[in-house]
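All residue numbers in this chain count up from 1 along the given sequence.
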Amino acid sequence: MRRYVFVVIIISISSNVFSQSVEIATWRNNATAAYSIVSDDYNLHFFGDLNYIHTTTSKRNIPISFAVVADWDNQWNEARDFLLGDGHEFTTHSMNHAHNEENTQEILEWQLLKSQEVIEEKIPGAECVFMCNWGNMNKEGVLDFLKVHRFIGARGFGRYGGVHTADFDPFLLNTVFYQEGLEAEIKAVVDNVIANGGYGLNSVHYIGDPTSWGYIDKTPWISHLDYIQSKRASNELWIETVQRVIKYRMEREFYKVNIEEASNSNMVISFDTSAEINSSPKVDNSIYNEDLTLIVTTSTGLKQLIDANPFKGNITVTFDDKHITNAIQRGEIIYALSRHKIIK
């Protein structure tokens, strides 16, 4: 079920009554559901063929999240040279992938904070604010630690499976890890989140490299990419990296939209970003800066999707009896009639 945060304003001009509204869509572009892919163990010497990963994802404009082991040191150049620019992101997967380690304060700082620091230092422009669980990690105390540092979510602490509701807890995400023979289960995650309007998270290890643990062969990899691409084409799926999905989901809940001014030819929309999203002293709302899709309805009954950033000021929308003609935020045209279609 989709949930919307909306505000409606009724204004009276002469003898006519005009009703205008603006809502935050559940997902970007008002898609039915959201979906992310995480690829674990980035930086390991047998991680996989990065040129192949780059080619297959960029061709389809599908961004994925790489879970990085920061103390391994093999693929920083590729991350800097082309993966980050293609919209992929890099999350922490620890410093050294240690198993069953005692979680002292010193160890947690090294595995989580130091890895976060190294990733952002080695990949300028990357933002690392999500943790992906690894192997037989000791989970004791990890969530409490993350919640008071610069993190917005974590994988590995919820129930098994990659299906989440639209209002998921970002620190209780879980996933299905691809293994040979699990193609149907991976696909089912996509189908299930589309059915319930939620968020799906699947994870893979080494792509196209049969010498590595838990690899996904090229045939099921391509098949899955083509499947989710088809679901995006029908607007059933918003495919995005995990950190950006978390930001959107939290902004949708905590940020508000208001109509400041309204007439029979324009409206001015504002964002209220004052409600605290994350209680960590290391995180303020400025980190939650993902563009939001607004569903704008005019006094003439027109409805249109407009993507706007909550920190770029008010949005001025102009329209006539037949069209929303444009929308401007901080002097930038964020919607123009020539580039969009009216929602029926």
Side-chain angles (χ1 to χ4, degrees), residues 27-28 34-43 62-72 79 83-84 86-95 97 108-135 137 139 141-158 161-162 164 166-177 189 198-205 238-254 277-290:
W27 300 118
R28 174 69 59 77
Y35 181 70
S36 301
I37 298 174
V38 173
S39 184
D40 281 25
D41 292 355
Y42 187 88
N43 255 349
I62 293 177
I64 63 177
S65 303
F66 292 99
V68 181
V69 182
D71 209 27
W72 297 340
L83 293 177
L84 184 66
D86 272 355
H88 304 299
E89 74 178 12
F90 300 87
T91 73
T92 181
H93 197 45
S94 80
M95 278 297 290
H97 213 282
L108 289 173
E109 290 177 357
W110 190 69
Q111 292 286 21
L112 302 173
L113 300 187
K114 185 61 177 179
S115 63
Q116 184 183 54
E117 176 188 330
V118 169
I119 291 165
E120 293 182 343
E121 177 186 329
K122 293 283 190 178
I123 312 172
E127 182 180 49
C128 175
V129 289
F130 185 81
M131 189 220 74
C132 290
N133 62 309
W134 61 91
M137 67 174 289
K139 295 181 180 180
V142 172
L143 271 185
D144 289 340
F145 183 89
L146 293 173
K147 289 180 178 181
V148 296
H149 289 89
R150 192 169 61 89
F151 287 91
I152 65 171
R155 185 197 70 189
F157 295 88
H164 310 86
D167 296 329
F168 63 83
D169 183 331
F171 286 94
L172 295 179
L173 292 176
N174 219 315
T175 191
V176 172
F177 284 97
V189 169
Y199 173 50
L201 180 61
N202 279 325
S203 300
V204 298
H205 277 78
W238 173 38
I239 305 170
E240 191 49 87
T241 56
V242 63
Q243 293 181 160
R244 296 186 70 179
V245 170
I246 288 173
K247 290 182 180 186
Y248 190 105
R249 172 263 177 276
M250 301 305 287
E251 292 170 40
R252 166 168 45 84
E253 177 177 347
F254 287 89
I277 294 178
N278 191 318
S279 61
S280 169
K282 305 292 186 181
V283 178
D284 62 31
N285 279 12
S286 64
I287 204 169
Y288 295 93
N289 56 3
E290 185 69 16

*Asks:* Taking salt bridge (Lys or Arg N to Asp or Glu O under 4.0 Å) as the test, write out the residues that go with Arg28, two or more places apart.
*Replies:* Glu290

*Asks:* For Pro170 and Ile152, work out which heavy atoms get closest and say how close.
*Replies:* CB-O, 3.4 Å

*Asks:* Rounded to the nearest 0.5 Å, what separates atom OG1 in Thr241 from atom CZ in Phe66?
*Replies:* 11.0 Å

*Asks:* Would you call His149 and Val283 a side-chain contact if the rule is heavy atoms closer than 4.5 Å?
*Replies:* no

*Asks:* Could you please spell out the steps behind the side chain to side chain contact (heavy atoms under 4.5 Å, CB included) verdict for Trp27 and Arg252?
*Replies:* CA-CA 9 Å; Trp27 300 118; Arg252 166 168 45 84; 3.6 Å; yes

*Asks:* List the steps and the verdict of side chain to side chain contact (heavy atoms under 4.5 Å, CB included) for Asp169 and Phe157.
*Replies:* CA-CA 10 Å; Asp169 183 331; Phe157 295 88; over 6 Å; no

*Asks:* Under 3.5 Å, is there a donor on one side chain and an acceptor on the other for Thr92 and Gln116?
*Replies:* no

*Asks:* With side chains defined as the heavy atoms from C-beta onward, is the minimum distance between Ile287 and Ile277 less than 4.5 Å?
*Replies:* no

*Asks:* Find out whether Phe171 and Leu146 are in side-chain contact, i.e. whether some heavy atom of one side chain is under 4.5 Å from a heavy atom of the other.
*Replies:* yes

*Asks:* Carefully, step by step, assess Asn133 and Asn174 under the rule side chain to side chain contact (heavy atoms under 4.5 Å, CB included).
*Replies:* CA-CA 9 Å; Asn133 62 309; Asn174 219 315; 5.7 Å; no

*Asks:* Just verifying a value: how many Å separate Glu253 CD and Asp167 CG, rounded to the nearest 0.5 Å?
*Replies:* 6.5 Å

*Asks:* Does Lys147 offer a backbone N or O that forms a donor-acceptor pair with the side chain of Lys282 under 3.5 Å?
*Replies:* no

*Asks:* Centroid separation under 6.0 Å, is that true for the rings of Tyr199 and Tyr35?
*Replies:* no

*Asks:* Please examine the side chains of Tyr288 and Asn278, heavy atoms only from C-beta on, and report whether any two atoms are closer than 4.5 Å.
*Replies:* yes

*Asks:* Drop me the distance from Gln243's CD to Cys128's SG, to the nearest 0.5 angstrom.
*Replies:* 6.5 Å

*Asks:* Run the side chain to side chain contact (heavy atoms under 4.5 Å, CB included) check on Leu201 and Val189 step by step: do they pass?
*Replies:* CA-CA 8 Å; Leu201 180 61; Val189 169; over 6 Å; no

*Asks:* Would you please name every residue forming a side-chain contact (heavy atoms from CB on, under 4.5 Å) with Glu117, sequence neighbours left out?
*Replies:* Lys114, Glu121

*Asks:* In the structure I gave you, are the side-chain heavy atoms of Phe168 and Ile246 within less than 4.5 Å of one another anywhere?
*Replies:* yes

*Asks:* So does Asp71 get a backbone contact from the side chain of His97, meaning a donor-acceptor N/O pair under 3.5 Å?
*Replies:* no

*Asks:* Looking only at heavy atoms, which two atoms of Met137 and Val142 are closest? And how far apart?
*Replies:* CE-CG2, 4.0 Å

*Asks:* Just so I know, are the side chains of Pro63 and Glu240 near enough to count as touching, which here means a heavy-atom distance under 4.5 Å?
*Replies:* yes

*Asks:* Measuring from atom CG of Asn43 to atom OG of Ser115, what distance do you get when rounded to the nearest 0.5 angstrom?
*Replies:* 11.5 Å

*Asks:* Where is the tightest heavy-atom contact between Val176 and Gly161, given as atom of each residue plus distance?
*Replies:* CG2-CA, 3.9 Å

*Asks:* Measure across Ser65 and Thr91 and return the closest heavy-atom pair with its distance rounded to 0.1 Å.
*Replies:* CB-CG2, 4.4 Å

*Asks:* Do Val69 and Met95 have side chains that get closer than 4.5 Å, going by heavy atoms?
*Replies:* no

*Asks:* Test the Arg244-Trp238 pair against the cation-pi criterion, namely NZ or CZ under 6.0 angstrom from the six-membered ring centroid and within 45° of the ring axis.
*Replies:* no

*Asks:* Taking the ring centre of each residue, are His93 and Tyr42 less than 6.0 Å apart?
*Replies:* no

*Asks:* Which value, rounded to the nearest 0.5 Å, describes the distance between Leu113 atom CG and Phe151 atom CZ?
*Replies:* 6.0 Å

*Asks:* Let me confirm one number: the NE2-CG distance from His88 to Leu83, rounded to the nearest 0.5 Å.
*Replies:* 5.5 Å

*Asks:* Does any non-hydrogen side-chain atom of Asn202 lie less than 4.5 Å from one of Phe177?
*Replies:* no

*Asks:* Salt bridge or not for Asp40 and Arg155, using N-O below 4.0 Å?
*Replies:* yes

